[in-house]
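First the structure, in the form of structure tokens, and then the observations on it.
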Amino acid sequence: MPQNALPNGPGVGYKPQHFPDLTTDPDPVQWLEIHAENYMGDGGRPLAQLRHLAERFPMSVHGVGLSIGGEGPLDPNHLARLKTLCDWLQPASFSEHLAWSTHDSAFLNDLLPLPYTTETLRRVAEHIDEVQTTLGRHMLLENPSSYLAFAESTWSEPDFLAELAQRTGCGLLLDVNNVFVSATNLAIDAHMYIDTFPIDKVEEFHLGGHDEDEDDHGAPLLIDSHGREVADPVWSLLEYTLARSGARPLLIEWDTDVPDWATLAAEAARAETALARHRQGVAA
Amino acid sequence: MSVRQDSFRAAVLDPLAAVPEGLKDGQGRPAGRRFSVYRNNVVAGLITAIETSFPATAKLLGPEEFLSVASLYVRKFPPDTPMMMYYGASFPAFLQQQMRLDHLPQVADLARLEQTRREAYHASDAAPADPGELAGLAPEALANMRFDLAPALRLLRSDWPVHAIWAFHMTDDAPPPGQEAQNVLITRPAFDPEMAVIDTPTCAFLSALQSGATLAEAESAADAPFDLTAALGLLLQGQAIHQIIPGDIL
């Protein structure tokens, strides 16, 4: 088993408007994920709610601001804040993105893409080592959603992530919607992506909704918006993936146009149905 | 062909800049408007963050003016920390410098009020002192005592009816703001910031207390008559007294 205490069931990205529902009737949600940076204030409601929820739910801390793919060094202050949060919260899991967001101290508040070169690989591996050493814990790295590619890339994304996991010992967070979005946008075969992905390193899945647009040539351009239900072809791709991996912790992400609890819980229930088909019995 | 992050960043923040070479679609053609996804995510995302933090300011400006001034701000001053709860601290000063907003001289103070409320919301927790401690003290003991006030407590001085402007934009049934200047005390009795309009001597008194003055020193800092009981009542009501520090016994 990976070093991960999240249950092999559905979780949701925590939104404060759902606090009353989560504290009364969270079914079928078994665990919660928070964006680390929202809980780095000094006090007040965010931290009070987090302390309360952490008594009841296994928690996953998901960083969106470390800029692990940045050309410059990691921000030691930010790393220290992550350590403070992980030290008091003791989450079951910590994850970040294969992306960059800070350059020359400007934080762009988005997950920006990286060329898959041997130079990027070396730098990201060093940064992961630094994170794992500083936090004193194993981390998961998430595959991005891509809107474009770099001419200079020499690695496929699955191979690149496999090599990073191999070099650093980190686990992987596989966002199945991101795979679908990137595969559509870059005209690659999503099933082949899954076939070549180092599935044994996957300790968590993400699923979210996307929007549809077009590029200059009228080709579909999917946007990873996290603002609606998970699309049907993404559920199918999840099914294909689970057939390889078996059940793992699965998160529903819904970050913009956040719905009422019933709508989000219905997505989590659909995730549970998918997971249940691939959850091994006790005797198996 | 290598795309460095400084050129990527510059092109993301500048809508007129060329898309960096070396970015392509799945067929090897130039990325074109695919790059706009990042431009839009970054700039629209930052503008939304400002709007979420400064809702009354956005309403006072109106959608068009807000979008225009916020676009300028986020491109010129992107966040310098991933803690987005602190992004926009310099937005009030930026508004003050915009000559195009000279017809809205009150807007910077309104933004300051919103920024101050946000600081109060995220400030450290501090358990309130027992109000009974205050009630039991003799008047001569009161004069020399100091208060350790809650970290969430904030005072805002303004030349504008800033609280009335805020209320007009953010609450139902609030009357249109008048002309008189308003100072605002912000406390955080539970988790939400509470505001009270206070007169200038009260504001000076509370400011002196916050800086560690004794009650007697703070009273003289007020430099004009004010309602001491009401001022202390606001602090108690706002759970803003963390500790009562007795004065030296002379």
Side-chain angles (χ1 to χ4, degrees), chain A residues 35-49 63-67 69-72 75 77-78 81 100-115 117 119 146-152 183-188 213-217 219 221 223-225 256, chain B residues 1-6 8-10 12-13 19-46 48-49 74 77-87 118-126 150-152 188 190-193:
Chain A
H35 286 177
E37 286 71 14
N38 292 341
Y39 298 89
M40 291 180 173
D42 294 322
R45 179 179 282 122
L47 294 179
Q49 287 191 340
V64 295
L66 189 56
S67 197
E71 282 168 10
D75 174 358
N77 295 321
H78 197 62
R81 288 190 287 263
W100 66 279
S101 49
T102 297
H103 185 73
D104 271 354
S105 86
F107 172 70
L108 297 174
N109 195 32
D110 191 25
L111 301 166
L112 300 169
L114 292 167
T117 63
E119 185 200 333
S146 300
Y147 307 113
L148 47 74
F150 288 78
E152 66 199 279
T184 306
N185 290 345
L186 300 178
I188 34 186
D213 200 352
E214 286 184 352
D215 76 356
D216 299 300
H217 306 281
L221 181 58
I223 315 289
D224 181 31
S225 58
T256 58
Chain B
M1 265 312 231
S2 145
V3 181
R4 309 304 297 182
Q5 288 174 2
D6 55 355
F8 199 105
R9 178 191 65 166
V12 155
L13 291 174
V19 174
E21 279 183 46
L23 301 177
K24 57 188 189 86
D25 71 4
Q27 274 82 43
R29 299 175 294 201
R33 68 175 294 218
R34 290 163 173 268
F35 189 75
S36 310
V37 178
Y38 296 107
R39 271 188 177 140
N40 184 56
N41 281 353
V42 169
V43 173
L46 294 178
T48 301
V74 305
F77 301 106
D80 58 4
T81 162
M83 293 185 291
M84 290 299 290
M85 68 190 74
Y86 297 131
Y87 181 51
R118 188 158 64 135
E119 287 170 15
Y121 184 80
H122 291 290
S124 299
D125 304 315
R188 196 182 78 198
F191 292 125
D192 292 309

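This one's a predicted model, so the numbers in the text were calculated from it and none came from an experiment. So that the names make sense, note that chain A is the first sequence line, chain B the second, and so on, each numbered from 1. What's counted below: heavy atoms across the whole structure, side chains too, no hydrogens, waters or symmetry copies.
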> Would a 4.5 Å heavy-atom cut-off, applied to side chains only, mark B:Gln5 and A:Thr102 as touching?
Replying inline: no

> Relative to chain A, which of B:Ala120, B:Pro79, B:Ser36 shows the most heavy atom pairs under 4.5 Å?
Replying inline: B:Pro79

>> So B:Phe8 and A:Pro113, do their side chains get closer than 4.5 Å, heavy atoms only?
In response: yes

>> Any salt bridge linking B:Arg34 with A:Asp216? Criterion: basic side-chain nitrogen under 4.0 Å from a carboxylate oxygen.
In response: no

> What is the minimum heavy-atom distance between A:Leu108 and B:Pro78, and which atoms define it?
Replying inline: CD2-CB, 4.4 Å

> Do you know which two heavy atoms are closest between B:Phe191 and A:Ala48, and how far apart they sit?
Replying inline: CZ-CB, 3.5 Å

>> For B:Glu119, give me all partners under side chain to side chain contact (heavy atoms under 4.5 Å, CB included), at least two apart in sequence or on another chain.
In response: B:Gln115, B:Arg154

> Using non-hydrogen atoms only, which part of B:Tyr87 is less than 4.5 Å away from chain A: side chain, backbone, both, or neither?
Replying inline: neither

> Nearest heavy-atom pair of B:Tyr86 and A:Gly41: which atoms, and what distance?
Replying inline: OH-CA, 3.5 Å

> Are the side chains of A:Met40 and B:Pro82 in touch, meaning some heavy atoms are under 4.5 Å apart?
Replying inline: no

>> Please classify the contact of B:Arg4 with chain A as side chain, backbone, both or neither, using a heavy-atom distance under 4.5 Å.
In response: both

> Top residue by heavy-atom pair count (under 4.5 Å) with chain B, among A:Ser225, A:Ala36, A:Ser146, A:Gly70?
Replying inline: A:Gly70

>> To the nearest 0.5 Å, what is the distance between CG on A:Asp110 and CG on B:Asn41?
In response: 4.5 Å

>> I need the minimum non-hydrogen distance between B:Val3 and A:Glu152, along with the two atoms involved.
In response: N-OE2, 2.8 Å

>> Report which part of A:His217 has an atom under 4.5 Å of a heavy atom belonging to chain B: side chain, backbone, both, or neither.
In response: side chain

>> Is B:Ala31 close to chain A through its backbone or its side chain, or both, or neither, when contacts mean heavy atoms under 4.5 Å?
In response: both

>> Less than 4.5 Å apart, side chain to side chain, heavy atoms only: is that true for B:Ser2 and A:Phe150?
In response: no

> In terms of heavy-atom pairs under 4.5 Å with chain B, which of A:Leu112, A:Asn38, A:Thr256, A:Leu114 leads?
Replying inline: A:Leu112

> Would a 4.5 Å heavy-atom cut-off, applied to side chains only, mark B:Val37 and A:Leu221 as touching?
Replying inline: yes

> Is it the backbone or the side chain of A:Asp213 that comes under 4.5 Å from a heavy atom of chain B, or both, or neither?
Replying inline: side chain

> Just wondering, do A:Glu37 and B:Met85 contact through their side chains at under 4.5 Å, heavy atoms?
Replying inline: no

> Where on B:Arg188 is there a heavy atom nearer than 4.5 Å to chain A: the side chain, the backbone, both, or neither?
Replying inline: side chain

>> Any non-hydrogen side-chain atom of B:Asp25 less than 4.5 Å from a side-chain atom of A:Leu148?
In response: no

>> Holding to side chain to side chain contact (heavy atoms under 4.5 Å, CB included), I want the full list of residues that pass it with A:Leu111, two or more places apart in sequence or in another chain.
In response: A:His97, A:Ala99

> What is the distance from atom CZ of B:Arg9 to atom CG of A:Asp104, rounded to the nearest 0.5 Å?
Replying inline: 5.0 Å

> Side chain, backbone, both or neither: which part of A:His103 has a non-hydrogen atom closer than 4.5 Å to chain B?
Replying inline: both

> Step by step, would you call A:Arg45 with B:Asp192 a side-chain contact (heavy atoms from CB on, under 4.5 Å)?
Replying inline: CA-CA 8 Å; A:Arg45 179 179 282 122; B:Asp192 292 309; 2.9 Å; yes

> Among B:Val43, B:Asp80, B:Val74, B:Asp6, who wins on heavy-atom pairs under 4.5 Å with chain A?
Replying inline: B:Asp6

> Could you give the distance from OG1 (B:Thr81) to CG (A:Asp75), rounded to the nearest 0.5 Å?
Replying inline: 7.5 Å

> Considering all heavy atoms of both residues, which atom of B:Met84 and which atom of A:Phe107 are nearest to each other, and what is their separation?
Replying inline: SD-CE2, 3.9 Å

> Of the non-hydrogen atoms in B:His122 and A:Pro46, which two are nearest, and what is the gap between them?
Replying inline: CE1-CG, 4.0 Å

> Do any N or O atoms from the side chain of B:Asp125 and from the backbone of A:Gly44 form a donor-acceptor pair under 3.5 angstrom?
Replying inline: yes

